Number of protein chains: 2
Amino acid sequence: MVGEFTCAVLGVGVTEVVRTSSARRLPAVVRSRYVEMADVLAAELAELPAGTRIAGEHEIAARFEVGRAAARAAVQELEQRLLVRRVRGSGTFVNKRIDYVISQRRAPSWHQTVREAGAEPRSVVRDVRRAPLPAEEAERLERPVGSAASLLIRQYYVDDLLHGWSNEWIPADVLADVDIAVHAVESVDAILRQMSRVQPVRSWCRVSYALPGPEVVAGLEIESGRPVWLVESVSRDAGSGRPVLCSRSWSRPDAARIVVEMDGPYQPEDE
Amino acid sequence: MVGEFTCAVLGVGVTEVVRTSSARRLPAVVRSRYVEMADVLAAELAELPAGTRIAGEHEIAARFEVGRAAARAAVQELEQRLLVRRVRGSGTFVNKRIDYVISQRRAPSWHQTVREAGAEPRSVVRDVRRAPLPAEEAERLERPVGSAASLLIRQYYVDDLLHGWSNEWIPADVLADVDIAVHAVESVDAILRQMSRVQPVRSWCRVSYALPGPEVVAGLEIESGRPVWLVESVSRDAGSGRPVLCSRSWSRPDAARIVVEMDGPYQPEDE
DNA sequence: GAGCATTTGTCCGTATGTATT
DNA sequence: CAATACATACGGACAAATGCT
């Protein structure tokens, strides 16, 4: 039921000219075949648990009595709606996004957020090395450009499906040897609390939807050029106010539904 | 240059098993033809001003000596990268997204934000009517469900391209006659300040990326089922703290690059 | 307003490539 | 190695929307 918005509207005069882009006489009752098929399949998919394998393209083509092109278009439509993931040579599988809520009142623990969404988190260290701070990270960490730091690169899985990729920078004056600690605990926050007696709290955060660089494209195993979630964040020590951690983390759009909740300048007391 | 990430990584042992989903022997130097074409076209597009019409599918097919299917796939790839907009019967046009930054330190004026991004904003009133408050809006406005309010529905254009669609709710006790005021000024904030002596400030805001309902699909003129930006917001009167405005506004992903900037609980003094 | 050429949208049938199982 | 399933591609056809005559 897409065409409900016919040409109604406007019981009042407006100062600006109302230019609908088309006359919209008959509100497109045509509805191409592959979209109809996608709608039918989407309704069926909604009942199935994540990870379930759905019918192949040939099968769908036979069922709806269309060519493979139309069947393929339907499945592609489902993929764009983020309802399925397709794996070449293997099949098409039901996808579920988790709700990933970012707010000021919530500690920035990825593992905990995922668990609260009812899924199983897992992270894998892909690299940990010492490197000089690049310009942007240096500014955020309020350190000189090129000063010593540790770079931690991790990959994230939710229910064994690839979810995200992150770069985390920790200045050397906060923690010298990250690599000996990183294998025991899941969160960098925990490492910092245990190893260096700081209390990290998130002091700044920026969420955007951007085109990733080649390293991230590979790390997320996505097609080149498709936009992904980017969450940038700075944590400070609650005691001293000094920045202790700065991170960029990218997430696949088909893996998470990111929600950012923000309170404005007006804060009612005791609420 | 996508294949730069070969099979390097991992100079350290990790506790968890590193399961890359594929063995990745030869890192896919194959690069399908349509992606190569899309990359070439994307580079050329980057030089052109927004709104420029690019070559048709037949022309591209002839130029790269491929069939129309491959040419079409390349242009579709550009569309998914949000670099072009396609109009049936007319052509394919260079697209530019504006940066739309939402932060606590910034007043929630859409027109101003668009102008700061270097584009020309325009809004059109699609409907204004009195209606009883639905449950969710009532809760946000701290009014009884079903109490009297005005609903203002607007459509937004940036450089004459369709950008967004919004529902704005104003309780009747704040402002009784919205329709006589709405045609003169661009922002509801301004109406409230002029007509009812309140000082609206944004007290809460939520940004997500969600599947829109049929009314919004029509209002944004997008394909059914594709996700769009959703910004929900509540403004209160700076003096009394009472909610005076509650809105939902949807934006086309190809029209805006939404960035949410948030300060955490830790606030350094004087910075 | 009617007619026409252009352009994208949809779909067919077929074929080959490539990753997974 | 073989079977399966998705990925890419060709050529052709018609539909639908647009813009111009």
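Small disclaimer: the values here were computed from a predicted structure and weren't measured. Sequence lines set the chain letters: A, B, ... in the order given, protein chains first and strands last, and positions in each chain run from 1.
For Phe93(A) and dC6(D), the CZ to C1' distance is 11 Å, given to the nearest whole Å. In this structure, the CZ atom of Arg33(A) is 14 Å from the C1' atom of dC12(C), given to the nearest Å. The separation between Glu77(A) atom CD and dC11(C) atom P is 11 Å, rounded to whole Å. Taking atom CD1 on Ile54(B) and atom C1' on dT6(C), their separation rounds to 15 Å, with Å as the unit. Counting to the nearest Å, the C1' atom of dT8(C) and the OH atom of Tyr34(A) are 12 Å from each other. Rounded to a whole Å, the CD atom of Glu36(A) is 12 Å from the P atom of dT10(C). Residue Gln76(B) contributes atom CD, which lies 14 Å from atom C1' of dA7(D) at whole-angstrom precision. Taking atom CD on Glu79(B) and atom P on dG9(C), their separation rounds to 7 Å, with Å as the unit.
Counting only heavy atoms from C-beta on, Arg86(A) has its side chain closest to dA7(D) among dC11(C), dA9(D), dA7(D). Counting only heavy atoms from C-beta on, Val87(B) has its side chain closest to dT18(D) among dT18(D), dC6(D), dC11(C). Between dT8(D), dG19(D), dT20(C), one nucleotide has an atom nearer to the side chain of Ser90(A) than all others, and that is dT20(C). Closest to the side chain of Glu57(B), out of dT8(C), dC11(C), dA7(D), is dT8(C). Here dA16(D) is the nucleotide among dA16(D), dT10(C), dG19(D) with the atom lying nearest to any side-chain atom of Arg88(B).
The pair Glu44(B)-Arg63(B) meets the salt-bridge criterion, since a charged nitrogen lies less than 4.0 angstrom from a carboxylate oxygen. A salt bridge is absent between Arg97(B) and Asp254(B); no separation between the charged side-chain nitrogens and carboxylate oxygens falls under 4.0 Å. The pair Asp39(A)-Arg81(A) meets the salt-bridge criterion, with a side-chain N (NZ, NE, NH1 or NH2) lying under 4.0 Å from an Asp/Glu carboxylate O. Under a 4.0 Å N-O distance rule, the pair Arg226(B)/Glu77(A) qualifies as a salt bridge.
A search for side chain to side chain contact (heavy atoms under 4.5 Å, CB included) contacts involving Ala255(B) returns Arg85(B), His163(B), Arg252(B), not counting sequence neighbours.
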Polar pairs (N or O, both sides) under 3.5 Å between protein and nucleotides 10-14 of chain D?
residue, atom, partner, partner atom, Å
dC10(D), OP1, Gly67(B), N, 3.0
dC10(D), OP2, Gly67(B), N, 2.8
dA13(D), N6, Arg68(B), NH1, 3.3

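At the heavy-atom level, His58(B) lies under 4.0 Å from base atoms of the strands shown. Backbone-only contact: Arg53(B) has heavy atoms under 4.0 Å from sugar-phosphate atoms and none from a base.
Taking 4.5 Å as the limit, every side-chain heavy atom of Arg248(A) sits out of range of all side-chain heavy atoms of Val231(A).
Sorted pairs that involve residues 71-91 of chain B and meet ring pair (Phe, Tyr, Trp, His ring centres under 6.0 Å), not counting sequence neighbours, are lacking altogether.
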